Chemist: 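Quick one: structure below, then a few questions.
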Amino acid sequence: MTSNRARSLQPSLIRRVAEAAMSRDDVIPLWFGEGCWPTSEIAVNAANASLRAGNHFYQPNSGSPTLRDTIASYHESKYNVPIDRDRITVTASGMQGLTIVAQALVDPGDQCVVVGPTWPNIIEVLRIVGGNVHVRSLQSGESGWHLDVEALLSDITAHTQLVFINSPNNPTGWVMSAGDQQRVLDHCRRTGTWIVADDVYARLAFDADVAPSFAALASVGDQVICVNSFSKAWSMTGWRLGWITAPASLEAPFAMLNEFNIASPAGFIQAAGEAMLRNGEDEVAALRSRLATLRSLVTERLSATPGITYTEPAGAFYAFFGIGGMTDSVQCARELIERCGVGLAPGRAFGAEGEGFLRLCFAQKTDVLEAALDKLCHTVSLLGIDPEDTFPKE
């Protein structure tokens with residue numbers, strides 16, 4: 001018999017939709033949050049050199065000292081806030097970082113507030129450790145996605161253990177302003193609530209080199225944790241490398257949790273991450289420019305298609321859009337696979353707040369994205385959707 005915890009786990013609706021069609025060569029897969037471009041030779045060469053140099057052994061639980069120092073320098077260069085090495089823990093991915101944060105902070109029954117819709121793993125990892133999760137939903141309007149900050153602050157009380165905010169947001173592309181972040185930080189200082197910020201898409205904001213972050217606002221003693229990853233901005237999804245920035249008081253518990261989970265990422269992978277932080281700025285800028293061009297293509301096509309409701313994302317690399325009258329995004333995603341051969345993620349995968357929407361990852365080669373948009377927009381236009389109709393309509 002498995003544990004109650006294991007039996008309560010729910011499979012990702014993204015994967016549930018994708019697995020039914022992943023083996024088909026007639027489907028264009030835009031369902032997962034992964035760019036199509038390989039990792040830079042900067043990382044590959046650094047990893048090879050590290051292996052040739054004999055870096056084959058266990059690493060310190062908190063991560064390689066040289067990588068931690070490099071992350072500290074990177075943090076200061078982007079946020080103009082110096083930090084010491086003891087505030088940084090290297091992790092095997094952003095997901096593993098979020099897991100040890102949840103394990104370190106949340107006891108069964110603790111109240112956790114999450115801004116949604118958001119990546120489904122966030123809510124699941126809080127539930128796995130016994131957190132009582134309340135979601136404050138972003139709102140969609142003509143000017144894009146926005147957060148009712150006053151409503152969020154009313155959710156956060158002295159009984160709230162943590163508030164989780166992902167900005168730039170997956171799936172909506174919403175970016176939280178520095179002013180709103182300051183309001184939340186001031187409030188959480190009064191309530192004693194931890195802020196856990198997912199900064200994985202911080203370098204993929206379209207109007208800045210780096211998106212606003214609590215990392216730029218927090219003082220040394222603030223209960224602020226920022227989780228980051230090399231996966232997105234540095235195109236290193238398969239390498240499994242990330243980091244946590246937190247108060248120094250958490251260095252020891254994070255190190256122990258790392259030891260009991262994975263010990264530490266492999267040394268040659270950490271060397272690759274270090275090389276990207278030192279020498280990969282041009283790579284990040286080129287990726288952001290490429291994504292901006294692809295975003296413009298998506299905006300042009302989706303905005304011109306009758307029946308589609310869409311607002312341009314301010315960050316990340318997703319189009320989160322609605323189809324008129326759609327009430328079941330999972331069924332809709334399945335129907336679109338059959339009707340036009342385009343694989344999308346259902347909005348309900350990101351929580352009830354995402355129902356009525358579909359997510360398209362546009363981090364693709366231009367010809368692939370154009371082919372997918374041709375198929376998708378043509379199919380939707382043929383449906384003759386009226387706002388009063390329910391998708392799919394024969």
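These numbers were taken from a predicted model, which means no experiment stands behind them. We're numbering straight along the sequence, starting at 1.
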Chemist: Establish whether Val125 and Val113 are linked, either directly or via other cluster members, by ILVMFWY side-chain heavy-atom contacts under 4.5 Å.
Modeler: no

Chemist: For the CG atom of Asn169 and the CG atom of Leu147, what is their distance to the nearest 0.5 Å?
Modeler: 10.0 Å

Chemist: Is the CZ atom of Arg24 crowded by more than 12 outside heavy atoms at less than 6.0 Å?
Modeler: yes

Chemist: For a salt bridge (Lys or Arg N to Asp or Glu O under 4.0 Å) check, start with the C-alpha distance between Arg334 and Glu338, then their side-chain angles and the critical distance, and finish with the verdict.
Modeler: CA-CA 7 Å; Arg334 289 171 173 154; Glu338 299 306 319; over 6 Å; no

Chemist: Group every Ile, Leu, Val, Met, Phe, Trp and Tyr by side-chain heavy-atom contacts under 4.5 Å, then state whether Val342 and Trp31 land in the same group.
Modeler: no

Chemist: Show the nearest heavy-atom pair for residues Trp243 and Thr91, with the distance to one decimal.
Modeler: N-OG1, 3.5 Å

Chemist: How about CG on Asp282, more than 12 heavy atoms from neighbouring residues, nucleotides or ligands closer than 6.0 Å, or not?
Modeler: no

Chemist: Report the C-alpha separation of Asn48 and Val44 in whole Å, then their side-chain angles, then the decisive distance to 0.1 Å, and conclude whether the side chain to side chain contact (heavy atoms under 4.5 Å, CB included) test is met.
Modeler: CA-CA 6 Å; Asn48 285 335; Val44 174; 3.8 Å; yes

Chemist: For residues Val224 and Cys226, determine if any side-chain heavy atom of one lies less than 4.5 Å from a side-chain heavy atom of the other.
Modeler: yes

Chemist: What I want to check is whether the side chains of Gln111 and Asn132 have a donor and an acceptor closer together than 3.5 Å.
Modeler: no

Chemist: Treating His56 as the side-chain partner and Leu51 as the backbone partner, does any N or O pair qualify as donor plus acceptor under 3.5 Å?
Modeler: yes

Chemist: Testing the 3.5 Å rule here: is there a donor-acceptor pair between the side chains of Asp69 and Thr66?
Modeler: no

Chemist: Is the side chain of Gln331 donor-acceptor paired with the backbone N or O of Ser329 at a distance under 3.5 Å, no angle test?
Modeler: no

Chemist: Is there a donor-acceptor pair closer than 3.5 Å between any side-chain N or O of Asn166 and the backbone N or O of Asp199?
Modeler: no

Chemist: Over all heavy atoms of both residues, which pair between Ala272 and Ala43 is shortest? Give the atoms and the distance, please.
Modeler: CB-O, 3.5 Å

Chemist: Flag the pair Asp367 and Lys365 as a salt bridge only when some basic side-chain nitrogen lies within less than 4.0 angstrom of an acidic carboxylate oxygen.
Modeler: no

Chemist: Test side chain to side chain contact (heavy atoms under 4.5 Å, CB included) on Thr237 and Phe230; report intermediate values, then the result.
Modeler: CA-CA 7 Å; Thr237 52; Phe230 287 87; over 6 Å; no

Chemist: Looking at Phe321, Phe357, Tyr310, Trp174, which one forms a ring pair (Phe, Tyr, Trp, His ring centres under 6.0 Å) with Trp145?
Modeler: Phe357

Chemist: Test your reading of the model: is there a side-chain donor-acceptor pair from His75 to the backbone of Val81, 3.5 Å cut-off?
Modeler: yes

Chemist: So, Tyr201 versus Tyr318: side-chain donor-acceptor pair below 3.5 Å or not?
Modeler: yes

Chemist: Counting distance only, does the side-chain N/O of Asp110 pair as donor-acceptor with the main-chain N or O of Asp107 below 3.5 Å?
Modeler: yes

Chemist: Thr160 side chain to Thr157 main-chain N or O, any donor-acceptor pair under 3.5 Å?
Modeler: yes

Chemist: Test of understanding: clusters of I, L, V, M, F, W, Y form through side-chain heavy atoms closer than 4.5 Å, transitively. Do Phe320 and Leu369 belong to the same one?
Modeler: no

Chemist: Any chance NZ of Lys78 has more than 12 other-residue heavy atoms, nucleotides or ligands included, within less than 6.0 Å?
Modeler: yes

Chemist: Which atom pair, heavy atoms only, marks the closest approach of Pro346 to Leu358?
Modeler: CA-CD2, 4.1 Å

Chemist: Is the backbone N or O of Asp209 less than 3.5 Å from a side-chain atom of Arg203, with the two atoms forming a donor-acceptor pair by type?
Modeler: yes

Chemist: Restricting to non-hydrogen atoms, name the atom on Ala316 and the atom on Phe362 that form the minimum distance, rounded to 0.1 Å.
Modeler: O-CZ, 4.1 Å

Chemist: Before accepting this row, confirm whether a basic side-chain N of the pair Arg68/Glu251 lies closer than 4.0 Å to the acidic partner's carboxylate O.
Modeler: yes

Chemist: For Gln270 and Asn55, test the side chains for any donor-to-acceptor distance below 3.5 angstrom and give the result as yes or no.
Modeler: no

Chemist: In Å, rounded to the nearest 0.5 Å, how long is the span from OG1 of Thr245 to CD1 of Ile71?
Modeler: 7.0 Å

Chemist: Would you say Pro212 and Val175 make side-chain contact, with heavy atoms under 4.5 Å?
Modeler: yes

Chemist: Go through the side-chain N and O atoms of Asp186 and Gln182 and say whether any donor and acceptor fall under 3.5 Å apart.
Modeler: yes

Chemist: Establish, for the pair Arg290 and Trp37, whether the NZ or CZ atom is under 6.0 angstrom from the six-membered ring centre and no further than 45 degrees off its axis.
Modeler: yes

Chemist: Crowded around His159 NE2? As in, over 12 foreign heavy atoms under 6.0 Å?
Modeler: no

Chemist: Would you say Arg87's side chain and Ala248's backbone share a donor-acceptor pair under 3.5 angstrom?
Modeler: no

Chemist: Determine whether Tyr79 and Val210 make a side-chain contact, defined as any pair of heavy atoms from C-beta on separated by less than 4.5 Å.
Modeler: yes

Chemist: Are Leu217 and Ile156 connected into the same hydrophobic cluster when the rule is that any two of I, L, V, M, F, W, Y join if their side-chain heavy atoms are below 4.5 Å apart?
Modeler: yes

Chemist: Could you measure the distance from the CG atom of Asp198 to the CD1 atom of Ile225? Nearest 0.5 Å is fine.
Modeler: 12.5 Å

Chemist: Compute both the distance and the angle, then confirm whether Arg295 meets the cation-pi test with Phe206: under 6.0 Å from the six-membered ring centre, within 45 degrees of the axis.
Modeler: yes

Chemist: Below 4.5 Å, heavy atoms only, C-beta onward: do Cys188 and Leu185 meet side chain to side chain?
Modeler: no

Chemist: Looking at side-chain heavy atoms only, is the closest gap between Gln161 and Leu105 below 4.5 Å?
Modeler: yes

Chemist: Could you grab the distance from atom OG of Ser64 to atom CD1 of Ile269, nearest 0.5 Å is fine?
Modeler: 12.5 Å

Chemist: With a 3.5 Å cut-off and no angle check, do the side chains of Asn261 and Gln103 form a donor-acceptor pair?
Modeler: yes

Chemist: Does the side chain of Ser264 come under 3.5 Å of the side chain of Tyr58 through a donor N or O and an acceptor N or O?
Modeler: no

Chemist: Looking at CG of Asn258 and OG1 of Thr99, how far apart are the two atoms once the value is rounded to the nearest 0.5 Å?
Modeler: 10.5 Å

Chemist: Applying salt bridge (charged side-chain N to carboxylate O under 4.0 Å, His left out), which residue pairs with at least one partner in residues 115-137 are found, sequence neighbours left out?
Modeler: Glu124-Arg127, Arg136-Asp155

Chemist: Rounded to the nearest 0.5 Å, how far apart are CD of Glu150 and NE2 of His187?
Modeler: 9.0 Å

Chemist: With no hydrogens and no angle check, do the side chains of Thr39 and Trp239 hold a donor and an acceptor under 3.5 Å apart?
Modeler: yes

Chemist: If you group Ile, Leu, Val, Met, Phe, Trp and Tyr by side-chain heavy-atom gaps below 4.5 Å, do Phe164 and Val101 land in one group?
Modeler: yes

Chemist: Could you report the tightest heavy-atom contact between Cys340 and Lys375, atom names first, then the distance?
Modeler: O-CD, 3.2 Å

Chemist: What verdict does the side chain to side chain contact (heavy atoms under 4.5 Å, CB included) test give for Ser231 and Glu34, after you've listed the backbone C-alpha separation in whole Å, the side-chain angles of each residue and the deciding distance to 0.1 Å?
Modeler: CA-CA 8 Å; Ser231 289; Glu34 182 175 47; over 6 Å; no

Chemist: Where do Leu302 and Cys377 come nearest, in terms of heavy atoms and distance?
Modeler: CD2-SG, 4.0 Å

Chemist: If you define the side chain from C-beta out and look only at heavy atoms, does anything of Leu152 sit under 4.5 Å from Asp180?
Modeler: no

Chemist: Ignoring hydrogens and geometry, is there a side-chain-to-backbone donor-acceptor pair from Ser296 to Ala292 under 3.5 Å?
Modeler: yes

Chemist: If only atom types and distance count, is the side chain of Gln59 paired as donor or acceptor with the main-chain N or O of Phe57 below 3.5 Å?
Modeler: yes

Chemist: Salt-bridged, Asp374 to Arg301, with N to O below 4.0 Å?
Modeler: yes

Chemist: Would a 4.5 Å heavy-atom cut-off, applied to side chains only, mark Glu283 and Trp234 as touching?
Modeler: no

Chemist: Got Ile165 and Phe214 here, is their nearest side-chain heavy-atom distance under 4.5 Å?
Modeler: yes

